[in-house]
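Remarks on the structure that follows.
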Amino acid sequence: MKEELVFFNTVFEQELLEEIDHLSERASFSAGEVIMDYGQIVRQMPLITKGSVKISRQDEDGHELFLYYINEHETCAMTFTCCMMRNASEIKAVAEDDVEMLLLPIDVMDKWMMKYTTWKSFIMRTIMMRFNELLKTIDQIAFQQLDERLIHYLIEKSKINHSSVITLSHQTIADDLASSRVVISRLLKKLENDNQIILYRNQIKLLNLV
DNA sequence: ACATTAAGTGATT
DNA sequence: AATCACTTAATGT
């Protein structure tokens with residue numbers, strides 16, 4: 001049995017684990033590598049075993065908007081729907097740190113959904129999680145609460161990197177949140193004045209936020 | 001020391 | 001909240 005599968009012992013039944021073990025292949029990406037780009041056809045379904053993947057979406061003018069992270073022991077809801085419909089990818093996936101994953105063939109998805117209740121609930125759970133989080137983001141965008149979105153973004157980022165110090169330029173943050181650098185700089189400055197963060201060049205230290 | 005890039009600020013829409 | 005125009009600060013060569 002592949003040792004990456006140990007964690008899933010607790011969530012999947014033995015027979016399913018064995019199928020995964022036999023049918024999956026390993027893949028790894030180093031930090032910053034593009035795993036999936038827009039329009040690319042999805043052929044396999046990833047099961048993240050180590051690291052995190054950053055998912056973003058692109059608008060008509062080529063501006064990128066950060067959507068969410070996929071973490072260890074999770075899978076991608078978008079990929080799943082793409083797989084089922086045999087569609088091209090609507091999103092871009094970049095390795096946030098060094099990432100390892102198992103790739104599952106898409107043609108067994110239908111069968112597994114029927115056969116394994118643990119697989120079905122695993123898929124349902126990841127779709128539901130993503131859906132709820134996207135709803136939250138839509139709320140924040142609709143009601144123009146960029147400050148809250150920024151705080152959320154910072155906390156998320158520090159969780160992923162397991163550090164209270166984030167290494168990012170204001171420009172990068174602005175791009176991720178589809179805003180402008182000046183606005184982000186001002187909001188960050190406000191947070192610093194409220195003693196929630198400390199600003200450095202290319203770095204932000206979170207204080208009581210975590 | 002100089003050029004380049006990141007960040008801060010006031011005014012305007 | 002975004003953009004402009006400009007300043008100041010940090011960093012690389």
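Values reported hereafter were calculated over all heavy atoms of this structure, with side chains retained and with hydrogens, waters and symmetry mates removed. Values in this document were obtained by computation on a predicted structure and should not be read as measured data.
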* Asked: Who passes side-chain hydrogen bond (donor to acceptor under 3.5 Å, both in side chains) against A:Glu156, sequence neighbours left out?
  -> none

What residues form a ring pair (Phe, Tyr, Trp, His ring centres under 6.0 Å) with [X], not counting sequence neighbours?
X: A:Tyr38; answer: none
X: A:His63; answer: none
X: A:Tyr153; answer: A:Phe66

ILVMFWY clustering at 4.5 Å (side-chain atoms), partners of [X]:
X: A:Phe131; value: A:Leu135
X: A:Val94; value: A:Val34
X: A:Val42; value: none

Rounded off to whole Å, could you give me the [atom1]-to-[atom2] distance for the [X] and [N] pair?
X: A:His63; N: C:dT3; atom1: NE2; atom2: C1'; answer: 13 Å
X: A:Glu192; N: B:dA7; atom1: CD; atom2: C1'; answer: 11 Å
X: A:Leu150; N: C:dA1; atom1: CG; atom2: P; answer: 10 Å
X: A:Lys190; N: B:dG8; atom1: NZ; atom2: C1'; answer: 15 Å
X: A:Ile166; N: B:dA6; atom1: CD1; atom2: P; answer: 18 Å
X: A:Leu187; N: B:dG8; atom1: CG; atom2: C1'; answer: 13 Å

* To do: For A:Glu74 and A:Asn71, indicate whether the former's side chain and the latter's backbone hold a donor-acceptor pair under 3.5 Å.
  => yes

Using a cutoff of under 3.5 Å, can you pull out all pairs of nitrogen or oxygen atoms linking the protein to nucleotides 9-13 of chain B, with atom names and distances?
residue, atom, partner, partner atom, Å
B:dG10, N7, A:Arg186, NH2, 2.4
B:dG10, O6, A:Arg186, NH2, 2.7

* What closest approach, in Å, do A:Leu150 and A:Ile173 show between heavy atoms, and which atom pair accounts for it? -> CD1-CG2, 3.7 Å

* To do: Looking only at non-hydrogen atoms, find the nearest pair between A:Glu96 and A:Ala31 and report the distance.
  => O-CB, 3.8 Å

* Structure fact -> Taking pairs as Watson-Crick (N1-N3 plus N6-O4 or O6-N4) or G-U wobble (N1-O2 and O6-N3), each distance under 3.5 Å, the stems of three or more consecutive pairs with DNA chain B are B:1-13 with C:1-13

* To do: Could you tell me how the ring of A:Phe12 sits relative to the ring of A:Trp119: parallel (under 30°), tilted (30 to 60°) or perpendicular (over 60°)?
  => tilted

Write down the protein N/O and nucleotide N/O pairs, taken from nucleotides 1-5 of chain B, whose separation is under 3.5 Å; answer none if there are no such pairs.
residue, atom, partner, partner atom, Å
B:dT5, O2, A:Arg201, NH2, 2.4

* Asked: Any idea which of B:dA6, C:dA1, B:dG8 is nearest the A:His170 side chain?
  -> B:dG8

* To do: For DNA chain B, determine which residues of residues 171-180 of chain A have any heavy atom closer than 4.0 angstrom to one of its atoms, and list them numerically.
  => none

* Asked: What's the spacing between A:Thr79 OG1 and A:Leu47 CG if we round to 0.5 Å?
  -> 11.5 Å

* Could you check whether A:Leu188 gets within reach of a base, just the sugar-phosphate, or nothing at all, counting any heavy atom under 4.0 Å? => nothing

* For A:Ala27, check side-chain contact (heavy atoms from CB on, under 4.5 Å) against everything at least two apart and list the hits. => A:Phe29, A:Met101, A:Leu103

